[in-house]
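A short worksheet on the structure shown next.
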Amino acid sequence: MIKGVDINIKKFWHVSSKIKDVHYTKVAIVDTGIDYSHSELSGKIWTNRKEISNDGIDNDMNGYIDDIHGWNFVNENNRISSYRYSPYENSHGTAIAGIIAAKKMEKRCKELLTAI
């Protein structure tokens with residue numbers, strides 16, 4: 001790691017641990033694919049409740065068909081965990097999503113950051 005270049009996660013955890021009124025924040029990840037079935041992300045991936053899965057219709061009329069968990073802008077489809085050459089193509093995006101979704105998991109985040 002480079003001294004002074006970090007995301008200040010420990011400070012964030014300290015401040016956020018004192019917040020009583022929890023608000024959920026949506027974060028867009030522009031990266032490799034995300035393995036949304038990963039155990040660290042279970043129940044934390046956004047779901048578009050205005051879409052009906054796999055019906056081939058843009059139910060919420062936002063221009064993206066069946067965008068249940070987001071949109072793959074590289075391949076122009078709804079497969080956010082798709083890859084072309086290897087399943088490892090999802091590893092960076094999944095690691096970043098895990099760090100963002102972490103809830104006071106300092107040890108696990110260090111493992112994920114080491115894997116990047």
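Numbers for residues simply follow the sequence, beginning at 1.
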Quiz item: Asn77 side chain to Arg79 main-chain N or O, any donor-acceptor pair under 3.5 Å?
Solution: yes

Self-check item: Inter-residue atom distance Ile34.CD1 - Ser91.OG, 0.5 Å rounding
Solution: 12.0 Å

Self-check item: side-chain hydrogen bond (donor to acceptor under 3.5 Å, both in side chains) against Asp66, all qualifying residues, sequence neighbours excluded
Solution: none

Quiz prompt | Hphob cluster co-occupancy, Ile45 + Val27, side-chain heavy atoms under 4.5 angstrom | solution = yes

Quiz item: Does a side-chain heavy-atom distance below 4.5 Å link Ile52 with Ile57?
Solution: no

Quiz item: Between the side chains of Asp60 and Asn48, does any donor sit under 3.5 Å from an acceptor?
Solution: yes

Exercise. Report the distance from atom CD1 of Ile68 to atom CG of Asn54, rounding to the nearest 0.5 Å.
Key: 7.0 Å

Self-check item: Contact summary for Asn59 and Lys50, nearest pair of heavy atoms
Solution: CB-O, 3.2 Å

Quiz item: What heavy-atom pair brings Tyr36 and Ser81 nearest, and what distance separates the two atoms?
Solution: CE2-OG, 3.9 Å

Practice problem: To the nearest 0.5 angstrom, please state how far the CG atom of Asp31 sits from the CD1 atom of Ile80. | Solution: 12.0 Å

Quiz item: Closest approach of Glu51 and Asp67, non-hydrogen atoms and distance?
Solution: OE2-OD1, 2.9 Å

Quiz item: Where do Asn72 and Asn78 land on the side-chain contact (heavy atoms from CB on, under 4.5 Å) test, with the steps shown first?
Solution: CA-CA 6 Å; Asn72 181 330; Asn78 65 346; over 6 Å; no

Practice problem: Measure the spacing between NE2 of His69 and OG of Ser37 and express it to the nearest 0.5 Å. | Solution: 10.0 Å

Self-check item: Partners passing side-chain hydrogen bond (donor to acceptor under 3.5 Å, both in side chains) against Ser39 (at least two apart in sequence or in another chain)
Solution: none

Self-check item: Check: Asp35 and Leu41 side chains under 4.5 Å, non-hydrogen atoms
Solution: no

Practice problem: Would you mind listing the cluster partners of Trp71? Hydrophobic ones only (ILVMFWY), side-chain contacts under 4.5 Å, chaining allowed. | Solution: Tyr64, Phe73

